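Computed over heavy atoms, backbone and side chain alike; hydrogens, waters and symmetry mates excluded. Sequence lines set the chain letters: A, B, ... in the order given, protein chains first and strands last, and positions in each chain run from 1. Only a predicted model underlies this, so the values are computations on that prediction, with no experimental measurement involved.
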Amino acid sequence: MIDIKELRRDPEALQKALGKRGAKVIDEQSAWHEAYELDKTQREKRTELEELQAKRNKYSKEIGLLRKNKEDTTEAMQAVAQVSSRVKELDIAVREAEELSKNVLLHIPNTPHASVPEGLSEDDNVFLRQWGEARQDDVPAHWDIGTDMKFLDFEAGVRIAGSRFTVLRGQAARLERALMQFMLDMHVDQHGYEEVWTPAIANQDSLQATGQLPKFADDLYKLEGEDAYLIPTAEVSVTNLYRDQIIDEATLPIQHCAYTPCFRREAGSAGRDVRGMIRQHQFDKVELVHVVAADQALAALEKLTSHAEAVLQALELPYRVVELCTSDLGFSAEKTYDLEVWLPSQKLYREISSCSSMGQFQSRRAAIRMRKGKSKPESVATLNGSGVAIGRCLIAILENGWQEDGRIKLPKVLQPYFNGLQHLG
RNA sequence: GGAAGGGUGGCAGAGUGGCCGAAUGCACCGGUCUUGAAAACCGGCAAAGGGAAACCUUUCGUGGGUUCAAAUCCCACCCCUUCCGCCA
């Protein structure tokens with residue numbers, strides 16, 4: 001959620017910052033357009049209500065005293081009766097106004113950080129650096145490699161569940177498992193993360209806190225008849241560890257890593273990446289989440305990104321780092337680095353990790369605060385990033401490790417998970 | 001799923017209609033004492049919203065109701081604990 005105090009104090013500045021995401025974000029159809037007025041009426045009504053409530057409370061107290069002294073209360077009772085009925089009416093009106101105002105606020109995206117490059121589309125994203133040697137020879141697509149080697153069974157996935165589901169077999173299934181374990185081991189042993197294992201189902205409050213709801217309900221799988229959704233990312237369950245909590249400053253910064261399956265309906269991406277395992281309804285991911293003091297957000301983002309990069313380097317996968325421009329930022333993010341891995345069959349880089357600072361956007365929605373000594377609690381900053389997506393990582397290993405003899409070279413760090421084996425197939 | 005008990009501040013835990021936003025303890029912050037620390041003692045300390053401030057409002061699981069007045073009474077729901085059933 002945007003900072004409501006900022007909205008009241010300097011709406012123009014906020015509008016300018018939001019506008020960098022694109023004209024649509026602040027046009028006449030936008031949530032932003034309504035926000036200021038709705039907040040104002042909501043506050044006016046509330047002030048009026050509070051004055052009446054104060055009056056009612058005063059009368060009630062008087063009645064109490066009169067009763068105690070066995071004095072006559074009829075006059076006071078009459079006075080309070082009028083006030084009470086108006087309080088009831090106004091109370092309903094205030095509730096409605098607040099609901100309306102809050103709902104609109106929940107639809108407004110985060111403001112981009114001042115350091116984010118401005119742009120109109122993903123073409124304006126900024127290349128930052130690359131690592132490794134991108135092989136330029138012809139390599140078969142992972143779906144051909146996977147089918148030939150009996151690693152990937154696309155037909156079985158469709159039979160069991162439907163399109164965009166895949167079955168992994170034999171060494172590929174083991175590779176998926178090895179990748180999970182390798183990534184978690186690395187983040188825990190070398191990067192100082194606390195590992196957590198969380199539910200893969202979350203309720204509406206949780207999804208609202210991290211920003212998937214109310215706006216992106218169509219992207220989620222909802223469980224019928226229950227207040228429950230399959231999580232689209234572990235960011236949801238891990239960040240919500242701290243929802244409605246006041247964290248002692250001494251325990252910050254917090255760094256969690258978690259493995260979870262992720263579920264996405266991919267509504268609106270019909271026809272995109274239909275072949276292979278790039279875009280699945282269910283995929284595995286190791287996620288990194290940081291909770292830090294607000295002024296530490298950007299430093300933490302650099303750190304988190306470097307931890308995700310370390311995974312790709314250890315797996316000997318060539319990649320590049322791109323900073324998203326203002327129009328390509330996700331709803332909750334204030335600044336994002338994408339890690340893109342080299343896919344030699346397509347001769348291009350594909351996203352394998354997205355590392356973002358949410359600033360205080362999520363912590364305001366989720367009421368995640370920290371206490372600094374005696375002072376009032378203040379909102380923390382939250383960050384998250386994939387460390388990394390496992391399915392796409394598996395694809396990258398199949399393609400980048402592919403050899404003319406049909407075997408797959410296994411990165412050194414994974415060999416212990418295969419009893420020392422150096423090649424798959 | 002059935003039965004019983006319970007949900008109160010950062011934590012523990014009192015509180016059955018007004019003097020309760022709420023005793024007490026722990027934790028935390030400030031101070032006295034001390035060479036320093038501990039102990040002891042004194043003081044402070046819930047959150048959210050509005051306001052320049054004084055101060056006001058709201059919040060005792062959630063929602064509704066009764067009442068001039070609800071943590072306290074009534075109804076529904078959610079969650080927790082224990083026992084039974086079922087189950088990996």
*Closer than 4.0 Å, any side-chain N/O of A:Arg56 to the OP1 or OP2 of B:A70?*
no
*A:Asn57 side chain N/O closer than 4.0 Å to the phosphate oxygens (OP1, OP2) of B:G18?*
no
*Using the side chain to side chain donor-acceptor pair (under 3.5 Å) rule, collect all pairs that involve residues 106-115 of chain A, keeping only residues at least two apart or in two chains.*
A:His113-A:Ser115, A:Ser115-A:Lys335
Under 3.5 Å, which N/O atoms of the protein pair with N/O atoms of nucleotides 59-67 of chain B?
none

*Does A:Arg369 have a side-chain nitrogen or oxygen under 4.0 Å from the phosphate oxygens OP1 or OP2 of B:G10?*
no
*Return the set of residues passing side chain to side chain contact (heavy atoms under 4.5 Å, CB included) with A:Ala161 (not counting sequence neighbours), or none when no residue passes.*
A:Phe165
Can you give the donor-acceptor pairs under 3.5 Å from side chains of residues 377-398 of chain A to other protein atoms, not counting sequence neighbours?
| unit_1 | atom_1 | unit_2 | atom_2 | d |
| --- | --- | --- | --- | --- |
| A:Thr382 | OG1 | A:Gln362 | OE1 | 2.7 |
| A:Asn384 | ND2 | A:Glu235 | OE2 | 3.4 |
| A:Ser386 | OG | A:Ser354 | N | 3.2 |
| A:Arg392 | NE | A:Ile278 | O | 3.0 |
| A:Arg392 | NH1 | A:Glu351 | O | 2.8 |
| A:Arg392 | NH2 | A:Ile278 | O | 3.2 |

*Partner nucleotide of B:U32 by Watson-Crick or wobble geometry (both distances under 3.5 Å)*: B:A40
*Applying side chain to side chain donor-acceptor pair (under 3.5 Å), which residue pairs with at least one partner in residues 214-231 of chain A are found, sequence neighbours left out?*
A:Tyr221-A:His281
_With a 3.5 Å cut-off and heavy atoms only, can you find an N or O donor on one side and an acceptor on the other between the side chain of A:Gln245 and the base of B:G10?_
no
*asked:* For A:Arg275, give me all partners under salt bridge (Lys or Arg N to Asp or Glu O under 4.0 Å), at least two apart in sequence or on another chain.
replied: none
_Using heavy-atom distances to pick each residue's nearest nucleotide on RNA chain B, tell me which of A:Gly64 and A:Met77 is more 5'._
A:Gly64
